[in-house]
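Notes for the one structure printed next.
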Amino acid sequence: MNLEQVEKLLTDIRDVHGIDDFVIVGGLSVLGLRSTRPIPDGMLVSNELDGYPENDPDARDAVAAKFGQGSPFEKKHGYYFDPVSPT
C-alpha cells in the first residue's frame with residue numbers, strides 16, 4: 001500500500017463516517033516519515049492499514065464493517081482498514 005492508497009482509504013472513511021483523525025500503527029505508519037527519509041520498498045507491501053479513530057476508538061469496528069477485511073472496499077481496491085485497540 002502506498003501513501004495515495006492510504007489517503008484514498010482514509011478519505012472514503014471520512015466521507016462515510018465523518019472521522020478525520022486516525023492513529024496509524026504497524027508497518028504502514030512509516031509513511032508518515034516519507035518526507036524526511038526514504039522508505040524501503042519492503043515496508044510497503046502490506047494490504048492492511050492498522051489503526052483506530054483517534055477521538056472515538058470504539059468506532060473502529062463500524063469503520064471495519066465497511067472498509068475492513070472482506071468488505072466491498074477491499075474487494076474493489078485490494079487493501080483495507082484493520083481495526084486495532086488503543087490499548
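Just so we're clear, the structure is a prediction, and the values are computed from it rather than from any experiment. Sequential numbering from 1 along the given sequence is applied to the chain's residues.
Atom-to-atom distance recorded for Leu10:CG and Asp20:CG is 10.0 Å, nearest 0.5 angstrom. Rounded to the nearest 0.5 Å, atoms CZ (Phe22) and CG (Leu9) are 7.5 Å apart.
Contacts of Glu74 classified as side-chain hydrogen bond (donor to acceptor under 3.5 Å, both in side chains), with partners at least two apart in sequence or in another chain: none. By the ring-ring contact (aromatic ring centres under 6.0 Å, His included) test, His77 is found to be paired with Phe73, Tyr79, residues two or more places apart in sequence or in another chain being considered.
In the hydrophobic cluster analysis, where Ile, Leu, Val, Met, Phe, Trp and Tyr join through side-chain heavy atoms closer than 4.5 angstrom, Tyr80 is grouped apart from Ile13.
Sorted by first and then second residue, the salt bridge (charged side-chain N to carboxylate O under 4.0 Å, His left out) pairs with a member in residues 8-17 read Lys8-Asp12; sequence neighbours excluded.
Minimum heavy-atom separation, Val16 to Lys66: CG1-CD, 3.8 Å. For the residue pair Asp82 and Glu48, the shortest heavy atom distance occurs at OD2-OE2, 3.3 Å.
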Run the side-chain donor-acceptor check on residues 56-63: report pairs under 3.5 Å with partners two or more places apart or on a different chain.
from, atom 1, to, atom 2, distance (Å)
Arg60, NE, Val84, O, 3.4
Arg60, NH1, Pro57, O, 2.8

Pair Phe67, His17 - check side chain to side chain contact (heavy atoms under 4.5 Å, CB included), show working. CA-CA 11 Å; Phe67 297 95; His17 292 281; 3.9 Å; yes
